[in-house]
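Heads up, the thing below is written out as structure tokens.
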Amino acid sequence: MNQFQYVRATKAQAAIDVVAKDPNAKFIAGGTNLVDLMKRGVVTPQKLVDINRLPLAKIETTGTGLRLGALALNSTVANDAQVRAQHPLLALALNAGASPQLRNMATVGGNMLQRTRCTYFYDLTMPCNKRQPGSGCGALEGINRMHAIFGASSTCIAVHPSDMSVALVALDATVLVSGPKGDRRIPFGDFHRLPGDTPEKDTNLEAGELITAVELPASPFTKHVHYQKVRERASYAFALVSAAAALDIDGNNTIKAARLALGGVAHKPWRLTAAEQVLVGKPATEESFRQAATVAMQGAKAFKHNEYKLRLAPNTLVQALKTAAAA
Ligand SMILES: Cc1cc2nc3c(=O)[nH]c(=O)nc-3n(C[C@H](O)[C@H](O)[C@H](O)COP(=O)(O)OP(=O)(O)OC[C@H]3O[C@@H](n4cnc5c(N)ncnc54)[C@H](O)[C@@H]3O)c2cc1C
């Protein structure tokens, strides 16, 4: 591991100032992703600003919903009574990720900013435009069975690995950030980005911006929800494909509203607004769910080894919807 300086921040503004001024400085929260990347030499910050003492770990109600502090632990959020009652989809997605030990260290902000698990990103002997811009994409003509079927570019076909973020994009969350230019709010769907020709940028955060919280609006999706994750092992594995489904169903089994997103399919958590619209006013039946899944897959494109995702993704979505409807 390269040598680095470590500082512990007690004031958010001081932490922001350090990271904004020094392109080689990084915030560290739980460290479960950043330290791995440093040990492998994938990222080599010269300064770490430890933000764990900042007062950003609260989960609190607001006038419009629930606010999760950026330092709230994944396990704390998943077990929180308000989260489980108001946003059970989020608790399900969190508990599908990593392991209990990791969830006890991982934070809300760190989870959103975890880097891709593309093996070419981790392998320093291979080209990777995300790790080293301009070096090429090893996955494009390489082993690409884990890779994107939506929104990829000729420079990067990696996927975002966070489970939590799939639920947050479906639930219309908002990210609160503080930076050198002040505070701003970013709709969750605009937080992560597609690779385009700058795949080294995972998000629309600017230099030095600190995530302070994530807000969830009050939601009718308290009952009929499911997070379906398909992976190669029953636990401790990233999604091949995952689907978040939330339905508001009336007494006649008619869908009043739907929220849907896929994980493991794109460089960002993949919201399915067109498929949601298909469901509104329809009966909560497998036939309706299949119609929505067909619309969800429009524009999907496979690479040499991930054609199976073109079938797995719609099937996972239908399964998530069936389980949500039955809940
Ligand atoms: C073996 C293993 C299996 C895993 N399986 C899964 C899985 O199945 N599903 C899943 O979703 N995840 C999985 N993970 C990933 C895990 O969820 C992440 O490592 C964790 O969420 C990162 O959170 P952290 O607080 O440790 O972030 P850190 O490692 O501390 O930071 C990650 C990044 O976020 C930045 N950062 C952190 N907090 C802030 C903030 N408030 N503002 C601005 N920048 C910030 C840091 O600078 C760094 O770049 C797995 C990890 C491991 C090691």
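Atoms within each ligand, like the ligands themselves, are counted from 1 in listed order.
- With a 4.0 Å cut-off on non-hydrogen atoms, Arg117 touches ligand 1 through its side chain and not its backbone.
- Using a 4.0 Å cut-off between heavy atoms, Pro161 contacts ligand 1 through its backbone alone, with no side-chain atom that close.
- Heavy atoms of Leu102 found under 4.0 angstrom from ligand 1 belong exclusively to the side chain.
- Protein heavy atom at the shortest distance from atom 34 (O) of ligand 1 is Leu113 CB, 3.2 Å.
- Contact annotation: Ala237 has at least one heavy atom less than 4.0 Å from an atom of ligand 1.
- Judged purely by distance below 3.5 Å, without hydrogens or angles, the side chains of Arg290 and Asn315 pair a donor atom with an acceptor atom.
- If you look at Val177 next to ligand 1, there are no close heavy atoms at all, none under 4.0 Å.
- In terms of N/O distances under 3.5 Å, ligand 1 is approached by Phe27.
- By the criterion of a heavy-atom distance under 4.0 Å, neither the backbone nor the side chain of Thr212 is placed next to ligand 1.
- Within the structure, ligand 1 lacks Arg103 among the residues with a heavy atom less than 4.0 angstrom away.
- Gln101 and Asn104 share no side-chain donor-acceptor pair at under 3.5 Å.
- When only interatomic distances are considered, the shortest N/O to N/O separation between Ala29 and ligand 1 falls below 3.5 Å.
- Looking only at atom types and distance, the side chain of Arg193 has a donor-acceptor partner in the side chain of Thr198 under 3.5 Å away.
- At a 4.0 Å heavy-atom cut-off, ligand 1 does not touch Arg233 at all.
- For the pair Lys223 and Phe221, the NZ or CZ position fails the cation-pi test of under 6.0 Å to the six-membered ring centre and within 45 degrees of the ring normal.
- Classification of the Trp270-Phe150 ring pair by plane angle, with boundaries at 30° and 60°, yields parallel.
- Remark: ligand 1 and Tyr236 share no N or O pair separated by less than 3.5 Å (distance only, no angle test).
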